[in-house]
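Heads up, the thing below is written out as structure tokens.
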Number of protein chains: 2
Amino acid sequence: MNQHFSYTNSARRDSPAYIRAVDSHLILSNIRRQVNLEPEEEAFLLAILVPAAFKQGELVQPAGEVTRSMIHVNTGCLMTYYSDRDGDEKVIQFATVGWWTGDLHSLTTHEPSVFETRALADSTIFFLPGVRMDELMSRYPVFERYFRITFQNSLVTHQKRIIQAYSFTAEERYDDFQKKYPQLEQFVPLKYVASYLGITPEFLSKIRRKRAHK
Amino acid sequence: MNQHFSYTNSARRDSPAYIRAVDSHLILSNIRRQVNLEPEEEAFLLAILVPAAFKQGELVQPAGEVTRSMIHVNTGCLMTYYSDRDGDEKVIQFATVGWWTGDLHSLTTHEPSVFETRALADSTIFFLPGVRMDELMSRYPVFERYFRITFQNSLVTHQKRIIQAYSFTAEERYDDFQKKYPQLEQFVPLKYVASYLGITPEFLSKIRRKRAHK
DNA sequence: GATTGACCTTGAACCAGGTTAAGAACAGAG
DNA sequence: CTCTGTTCTTAACCTGGTTCAAGGTCAATC
């Protein structure tokens, strides 16, 4: 990772209260798309969300530690990736506005995380601490329902990506990426796009060149 | 698909009641590993499960129809796969004892299913009809919780498979397959193993040959 | 016991995509 | 303005995996 990307100290991450006021609209309306919330449930949720702001390039969640939170993107864009045996970074997800991300494996098992999450643009997020999330769900089953639906949908998306990985060519996956994230290519370094597509930056270059000539 | 595989008529699928008695142990103990069940909750679940038996090679759920059920494997082994543009079958999951499978996308969206599920060995299963599943979850939040946990775990597994697809060689994936499904290779046609690994049967042959020589 | 069809294997030619190495374009810091 | 690090591209070569075609094995069926 380049030198401009440095791990933010915790003082920076304690962001001003106005973030909550500004962004809680979005997360609430997202949740309401799946389930109905009582005022009390809403209030409880908002009370346990931890707002934070990150500048482009900053590390949101490091690898190697036990993950303690899920992450909800309010504004901006994050990416979640891991380093393989050769130290190459492999992007497994871009999380844009309204998405959840983080290391679900580490959150579930309390093993040190493999994935790392980083801001690709200036971003505001909510952390939802795992302990609080458990509390939230056991106290208000509506959230159990919300996350059941969310995970179910995400599972479908992941199945699609497995299919793509196995039976689409790199070029077809690039097409699909452009459709799925229309604006992303403008500000995400291409090497991360290549990584997400499971190819080398060089090969992505070839594809793009071929495209340009048509 | 070979000619021995024919779609079972519905008379055959209406299996004897003893299947329920024999197999309900397993599903209940699986669920109890994640959540505690009250007698009433158990009773309701058992009342809506639809037992069925399939012989090796029989189609459990066809592609092209709207999926109306999840599938739980009690004994035996199923595979879920889809046909790509060239008509090649791509295996996306082997479901062994205690696993859930089916076409989650179709169940959720009510679009015609893309995936097809077939018995790889003589198997007994439970269908859990989608409507009943919704009813089950809204009536007893404990099931909402159970499926939330199940989907969450499955999501982690899917993430691992995406990583494998992108950064492991075919041989490494074969290793992993053998660890994950130790006995499966004995009775599953190798072409399906190859398909699951995302390679051609020919290339799997080569890997196996190389192995044998060491 | 001969035929048929499914499955598995082999080998040769081929291709999608990786590797290596080098240069070009660009941005930020001094 | 220049130095330095980073990203993106180009090109030559390499390789893991595919394709195609053929032969071998086994089980089911007549």
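The structure displayed is predicted, hence computed values, not measured ones. Reminder, nothing fancy here: chain letters follow the sequence lines and each chain counts from 1.
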Pair B/E171 + B/K210: basic N to acidic O under 4.0 Å | yes
At what distance, to the nearest 0.5 angstrom, does CD1 of A/I149 lie from CZ of A/F147?
-> 11.5 Å
So, are A/R118 and A/E89 salt-bridged, with charged N and O less than 4.0 Å apart?
-> no
Give the rounded distance in Å between these two atoms: CD of A/Q56 and C1' of D/dT6.
-> 13 Å
First of A/G198 and B/S205 reached from the 5' end of DNA chain C, by closest nucleotide | B/S205
Rounded to whole Å, OH of A/Y166 lies from C1' of D/dT18 at a distance of 16 Å
Round to a whole Å and report the spacing from CD of B/Q186 to P of C/dC7.
-> 18 Å
B/E171 CD to D/dG17 P, straight-line distance once rounded to whole Å | 9 Å
Separation of atom CD1 in A/I199 from atom P in D/dC8, rounded to whole Å = 13 Å
Rounded distance in Å - CG (B/L204) to C1' (C/dC8) | 10 Å
Looking only at side-chain atoms of A/P189, point me to the closest of D/dG17, D/dC8, C/dG18.
-> D/dC8
Below 4.0 angstrom from OP1 or OP2 of D/dG17, is there any side-chain N or O of B/T200?
-> no
Does atom CZ of A/R68 have more than 12 heavy-atom neighbours, drawn from other residues, nucleotides or ligands, at distances under 6.0 Å?
-> no
So does B/R209 get a side-chain nitrogen or oxygen closer than 4.0 Å to the phosphate oxygens (OP1/OP2) of C/dG11?
-> yes
Measure the distance from NZ on A/K210 to P on D/dA11 and round it to the nearest whole Å.
-> 16 Å
So, are A/E58 and A/K55 salt-bridged, with charged N and O less than 4.0 Å apart?
-> no
Does B/K206 make a side-chain donor-acceptor contact with the base of D/dG16, cut-off 3.5 Å?
-> no
Rounded to the nearest angstrom, tell me the gap between atom CZ in B/F203 and atom P in D/dC20.
-> 17 Å
Phosphate-side-chain proximity, A/R208 and D/dC8, N/O vs OP1/OP2 below 4.0 Å = no
